[in-house]
Novice: 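Quick one: this structure, given as structure tokens, is what I'll be asking you about.
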Amino acid sequence: MDGVHDLGGMHGFGPVEREANEPVFHAAWEAAVYAIMRASMSSGLYNLDEFRHGVERMDPAHYLRSGYYEHWLDGIARVLVEKGVVSAEELERRTAFFAARPDAPAAAVVAMPATPAPSFRWLAEPSERAATAPPRFKPGDPVITRNIHPRGHTRLPRYARGRRGVIHALHGAHVFPDTHAHGEGEQPQALYSVRFDAREMFGEAAEPNQKIYIDLWEPYLEPGEPRG
Amino acid sequence: MGKNHPNVDKYVESRVRALESLLLEKGILPPDAVDRVIRRYEADTGPLVGARAVARAWRNPDYKRRLLADSRGALAELGVEFDMLRVVENTPAVHNMVVCTLCSCYPWAVLGLPPQWYKSSAYRARMPIEPT
């Protein structure tokens, strides 16, 4: 989707600021969001692509004024409600309960389940799959990215659409996020590293000798002619 | 704090605790999960994992060749598990920058959790058009 999350190449966000002596987590609730994400994804309640698309559908103004773990919280809650794991009403009720009791730990109101939760995986499920067809392109082939604007999830950034590039490497066949985020299956596709001359995206504004490498799935690509 | 780390209102903390308690109750979230997350990323897994691989490559040309040719295999030698990762080398003529403009993908197992600047809108917006 052409959402506010697709930030590549935009102006106006100011300088990149480094925080001195930055802690791993800035608050305990951030670690809790991380744990919730790992546990709910390991349990198979949703997949990585559904999670990312959940975040992308945040209110755009809220997205820009909030940070990483608040993005996650919003995306996870959206997907868990959509999947019926929790209801919007029980989440609101429980939120109001803790808002009124700021010192109550999460376990304070919980009747612990008879069966303890399974341990979770630290890494996302591998995305590589056996190829179902030979790859359409090989390293060195010129390609042009399709000018697509799907309303759903895609990993083809807006600044890289309709651009000429060259296949740099083939990563094998991988789960296709554009279908996997929408319950339409894994539909593995060849995944390539595609090299672009930055002038193809940004013209004279590009820096000299700048190349941009983007990992792109085969359905994003058409055969192309080399850049001039 | 600054704009990269906006002040979070109490609603967010309450909502996290709400979700946490609902998932504890439904047997999805293990009771020790938050402690394990903190332990893993504050003590066990951080940028030093990647630094160890680089230091070994500096000392050992064979390892460096393996790290560049088969990054996953070379990291596995150090006990680091990763699904898909490719190590690249900076040279006097090539400087590599990594950005995820669409979310904030980062090699957690090798470098730990990303710093704030890497996840900031400013970095994600700027890198493709103005990387230096």
Side-chain angles (χ1 to χ4, degrees), chain A residues 5-10 13-19 22 24-26 29 31-36 39-40 43 52 55 64-68 70 73 77 86 90-91 94-95 98-99 102 106-107 109-111 113 115-117 119-120 123-124 126-128 155 157 159 201-202 205 207 210 212, chain B residues 1-6 8 10-31 33-34 36-38 40-42 46 81-84 86 99 101-104 108-109 112-117 119-132:
Chain A
H5 67 283
D6 188 355
L7 289 165
M10 289 175 76
F13 288 96
V16 177
E17 288 169 10
R18 287 184 72 151
E19 185 180 328
E22 184 179 341
V24 174
F25 294 107
H26 290 78
W29 70 265
V33 172
Y34 190 97
I36 288 168
S40 51
S43 308
R52 285 182 176 145
V55 172
L64 289 177
R65 69 171 182 268
S66 57
Y68 186 65
E70 198 174 338
L73 172 66
V86 300
E90 68 179 337
L91 183 55
R94 196 62 68 90
T95 302
F98 284 108
V109 292
V110 174
T115 319
S119 194
F120 54 81
L123 299 179
S127 61
E128 189 164 7
R155 299 298 282 178
Y159 76 89
M201 276 83 167
F202 302 116
E207 298 193 3
Q210 185 193 341
I212 298 178
Chain B
M1 301 280 276
K3 68 185 150 188
N4 282 344
H5 193 256
V8 167
K10 291 292 166 196
Y11 176 80
V12 170
E13 283 185 65
S14 307
R15 198 166 166 84
V16 172
R17 217 163 310 149
L19 205 49
E20 209 182 326
S21 73
L22 287 168
L23 296 182
L24 278 168
E25 197 170 280
K26 292 174 198 291
I28 293 163
L29 186 70
V34 182
R36 287 177 56 212
V37 164
I38 292 172
R40 178 177 171 95
Y41 288 109
E42 289 190 347
E81 242 189 284
F82 213 92
D83 174 21
M84 186 179 156
R86 177 150 170 255
V99 61
T101 62
L102 296 173
C103 41
S104 299
W108 293 341
L113 297 178
Q116 205 68 43
W117 61 263
K119 302 175 286 192
S120 68
S121 298
Y123 181 77
R124 289 165 52 199
R126 177 176 162 173
M127 270 315 100
I129 188 167
E130 197 188 349
T132 58

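We name chains A, B, ... by the order of the sequence lines, and we start the count at 1 in each one.
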Novice: So, does A/Glu22 use its side chain to make a donor-acceptor pair with the main chain of B/Gln116 at under 3.5 Å?
Specialist: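 A pair under 3.5 Å: yes.
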Novice: Could you tell me which non-hydrogen atom of A/Gly14 sits nearest to which non-hydrogen atom of B/Ala122, and how far apart they are?
Specialist: O-CB, 3.6 Å
Novice: So how far is it from A/Phe13 CZ to B/Arg124 CZ, rounded to the nearest 0.5 Å?
Specialist: 8.5 Å
Novice: Suppose we screen for salt bridge (charged side-chain N to carboxylate O under 4.0 Å, His left out). Which residues come up paired with B/Arg15, at least two apart in sequence or across chains?
Specialist: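 For B/Arg15, the residues satisfying salt bridge (charged side-chain N to carboxylate O under 4.0 Å, His left out) (neighbours in sequence not counted) are A/Glu92.
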Novice: Taking B/Glu81, B/Arg126, B/Arg36 one by one, which has the highest count of heavy-atom pairs under 4.5 Å against chain A?
Specialist: B/Arg36
Novice: Chain B: which of A/Glu90, A/Arg52, A/Glu207, A/Glu128 shares the most heavy-atom pairs with it under 4.5 Å?
Specialist: A/Glu207
Novice: Relative to chain A, which segment of B/Met84 carries a heavy atom at a distance below 4.5 Å: side chain, backbone, both, or neither?
Specialist: side chain
Novice: Taking all non-hydrogen atoms of both residues, which atom of B/Ser14 and which atom of A/Ala99 are closest, and how far apart?
Specialist: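 That would be OG-CA, 3.3 Å.
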Novice: Using 0.5 Å steps for rounding, measure from the CZ atom of A/Phe120 to the CG atom of B/Leu29.
Specialist: 7.5 Å
Novice: Under 4.5 Å between any side-chain heavy atoms of A/Arg155 and B/Cys103, yes or no?
Specialist: yes
Novice: Taking all non-hydrogen atoms of both residues, which atom of A/Phe25 and which atom of B/Ile38 are closest, and how far apart?
Specialist: CE1-CA, 4.3 Å
Novice: What are the two closest heavy atoms between B/Trp117 and A/Val16, and how far apart are they?
Specialist: CB-CG1, 3.8 Å
Novice: Evaluate the side-chain proximity of A/Met201 to B/Pro128: yes if any heavy-atom separation is below 4.5 Å, no if none is.
Specialist: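 In short, these two side chains do not touch, never coming nearer than 4.5 Å.
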Novice: Which one, B/Val99, B/Val34, B/Leu22, leads in non-hydrogen pairs under 4.5 Å with chain A?
Specialist: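 Answer, by heavy-atom pair count under 4.5 Å with chain A: B/Leu22.
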Novice: Could you tell me if the side chain of A/Tyr159 sits less than 4.5 Å from the side chain of B/Thr101, heavy atoms only?
Specialist: yes
Novice: So, for A/Ser43 and B/Ile28, which heavy atoms are closest and what is the spacing to 0.1 Å?
Specialist: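 Nearest pair, atom of A/Ser43 first, then B/Ile28: OG-CG2, 3.7 Å.
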Novice: Mind ranking B/Lys26, B/Glu20, B/Glu25 by heavy-atom pairs under 4.5 Å with chain A and telling me who comes out on top?
Specialist: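 Max contact count across the listed options: B/Glu25.
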Novice: Would the distance check show the side chain of B/Arg17 and the main-chain N or O of A/Pro102 forming a donor-acceptor pair, the cut-off being under 3.5 Å?
Specialist: yes
Novice: If the condition is ring pair (Phe, Tyr, Trp, His ring centres under 6.0 Å), which residues does A/Phe98 pass it with, not counting sequence neighbours?
Specialist: none
Novice: Side chains of A/Gln210 and B/Pro131: does their closest heavy-atom pair fall under 4.5 Å?
Specialist: yes
Novice: Just by modelled atom types, is the A/Leu123 backbone N or O under 3.5 Å from a matching donor or acceptor in the B/Asp83 side chain?
Specialist: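 A pair under 3.5 Å: no.
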Novice: As an exercise: rank A/Ala32, A/Ser127, A/Ala106, A/Ala39 by heavy-atom pairs under 4.5 Å with chain B and give me the winner.
Specialist: A/Ala106
Novice: How long is the span from the CZ atom in A/Arg94 to the CG atom in B/Leu19, to the nearest 0.5 Å?
Specialist: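 Here the rounded value is 10.5 Å.
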Novice: How close do A/Val24 and B/Tyr41 get, counting heavy atoms only, and between which atoms?
Specialist: CG2-O, 3.4 Å
Novice: Against chain B, label A/Ile212 side chain, backbone, both or neither, depending on which of its atoms sit under 4.5 Å from a heavy atom there.
Specialist: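 Only the side chain of A/Ile212 comes within 4.5 Å of chain B.
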Novice: With a 4.5 angstrom heavy-atom cut-off, could you sort out which part of B/Leu102 is near chain A: side chain, backbone, both or neither?
Specialist: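 Both backbone and side chain.
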